[in-house]
Amino acid sequence: MSIEIKTHTVEPIRQTFSHIRRRFGDKPASRYQEASYDIESKINFHYRPLWQPDKLLNDPARTCLSMRDWYAVSDPRQYYYGAYVQTRARMQETTEHEFAFCEKRGLLQRLSVEQRERVLRVLIPLRHAELAANMNNSGIAADGTASTVTQMHIYHAMDRLGIAQYLSRIGLLLDGGTGTSLDAAKQQWLLDPTWQPLRRLVEDSLVVSDWFELSLLQNLVSDGLLFPLIYQKFDETLSAEGAGDVGLLTEFMRGWFAESARWVDAMVKTVAAESPQNRAQIEAWIDHWQGRVVEALAPLAEVSTGQAALAEVQQAFAARLKKLGLFNQ
């Protein structure tokens, strides 16, 4: 008796889901494509939003910019929920190790009284600005169109809560876990003249109705100037004074900003390249808000890094805009 072993290949009827096949063709799709494209509903809505009856759900008319296909905006990081969560888990594990190391060795106890007060004054009130950034990006995710766009913003919103928590923990390390630093930071945010221009800008951002304008204000202009000023220039200032241990606790913010700038730049570049009208409107919004942001950061720069550092940040930001094809004419 002989046994003959044969192999037989079964060809799949189709390689991917129907909605992905219609967009990319009948070929194996990436996890990012399957989890990101053409997810949101477009037809068969049962009602209009009661709070905005002139619009549909996922209505592209919530921004004055026009795109033939908003799905042209994609995430260069290829983040869908699974990839995003795994990446942030690794970053959090590293950050938790840095906080534990700092606390175990008592590194912040080596700060002088003046350095401690300056860190408390400059860093901890920013937790309130981060909460506003969370609210803004959550609103963008609600109003935006195309799931490749909205998912980037909701991930960004969750990141801002994490940054606010890390800032709070820095304050708790400095005050011995009593929470007095958080109470003082709240009063500074509400009453300190240094913070009032930024607070006014934050409150104005909460009522910007065009979601793309809000994304430019929050994620490109405000973050593009504030993060380099505080988490790079201020960190360099502290390091030069022998207080570089603080930088161990803000490493997450620097790594996160460098990563998030990739999708912000990709989004702005894609939408601006769609039409001259889009580019002109984007430049007008940036021109309007950049002056407001610089004005809001000037008092903060005065007590942290000096005005020269703010000027350097502005120059770097202008170079970033040039790379995006903006303000080149």
Salt-bridge present ([X], [Y]; N to O < 4.0 Å):
X      : Y      : value
Glu96  : Arg169 : yes
Arg116 : Glu114 : no
Asp69  : Arg23  : yes
Arg200 : Glu203 : no
Arg160 : Asp223 : yes
Arg292 : Asp204 : yes

Exercise: identify the closest heavy-atom pair between [X] and [Y]:
X      : Y      : answer
Met267 : Ser215 : CE-OG, 3.3 Å
Thr180 : Thr178 : OG1-OG1, 3.1 Å
Leu321 : Gln290 : CD1-OE1, 4.2 Å
Leu198 : Leu126 : CD2-CD2, 4.2 Å
Pro49  : Leu57  : CG-CD2, 3.6 Å
Arg118 : Thr237 : NH1-CG2, 4.0 Å

Is the side chain of [X] donor-acceptor paired with the backbone N or O of [Y] at a distance under 3.5 Å, no angle test?
X      : Y      : result
Asn278 : Leu65  : no
Asp287 : Glu283 : no
Arg62  : Leu56  : yes
Ser112 : Gln115 : yes
Ser205 : Val202 : yes
Gln307 : Ala298 : yes
Asn134 : Ala157 : yes

Taking the six-membered ring for Trp, is the centroid-to-centroid distance between Tyr166 and Phe252 below 6.0 Å? yes
Is the Trp211-Trp70 ring centre distance short of 6.0 angstrom?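 Yes, close enough.
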Decide whether Val303 and Leu190 are clustered together by the hydrophobic rule: side chain heavy atoms of Ile, Leu, Val, Met, Phe, Trp, Tyr closer than 4.5 Å, transitively. yes
Following the transitive rule for hydrophobic clusters with a side-chain heavy-atom cut-off under 4.5 Å over Ile, Leu, Val, Met, Phe, Trp and Tyr, establish whether Trp289 and Val264 coincide in one cluster.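 Shared cluster, yes.
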Donor-acceptor side-chain pairing of [X] and [Y] below 3.5 angstrom:
X      : Y      : result
Thr194 : Arg121 : yes
Thr145 : Glu40  : yes
Gln218 : Asn136 : yes
Tyr84  : Asp159 : yes
Trp189 : Gln196 : no
Tyr71  : Ser147 : yes
Asp192 : Gln187 : no

State, with a plain yes or no, whether a side-chain heavy atom of Tyr155 is found less than 4.5 Å away from one of Ser260.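 No, every pair of side-chain atoms sits at 4.5 Å or beyond.
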Is there a side-chain contact between Ile230 and Leu300, using heavy atoms and a 4.5 Å cut-off?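 Yes, close enough: below the 4.5 Å cut-off.
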Could you label the plane-to-plane angle of the Phe17 and His19 rings as parallel, tilted or perpendicular, counting under 30° as parallel and over 60° as perpendicular? parallel
What orientation do Trp256 and His156 show, parallel under 30°, tilted 30 to 60°, or perpendicular over 60°?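 The rings of Trp256 and His156 lie parallel, inter-plane angle below 30°.
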Please check if the number of heavy atoms outside [X] that lie under 6.0 Å from its [atom1] is greater than 12.
X      : atom1 : value
Lys55  : NZ    : yes
Lys27  : NZ    : no
Met91  : CE    : yes
Arg105 : CZ    : no
Arg21  : CZ    : yes
Glu103 : CD    : no

Would you sort out whether Asp210 and Thr63 count as a side chain to side chain donor-acceptor pair (under 3.5 Å), showing the intermediate values? CA-CA 5 Å; Asp210 188 300; Thr63 176; 2.8 Å; yes
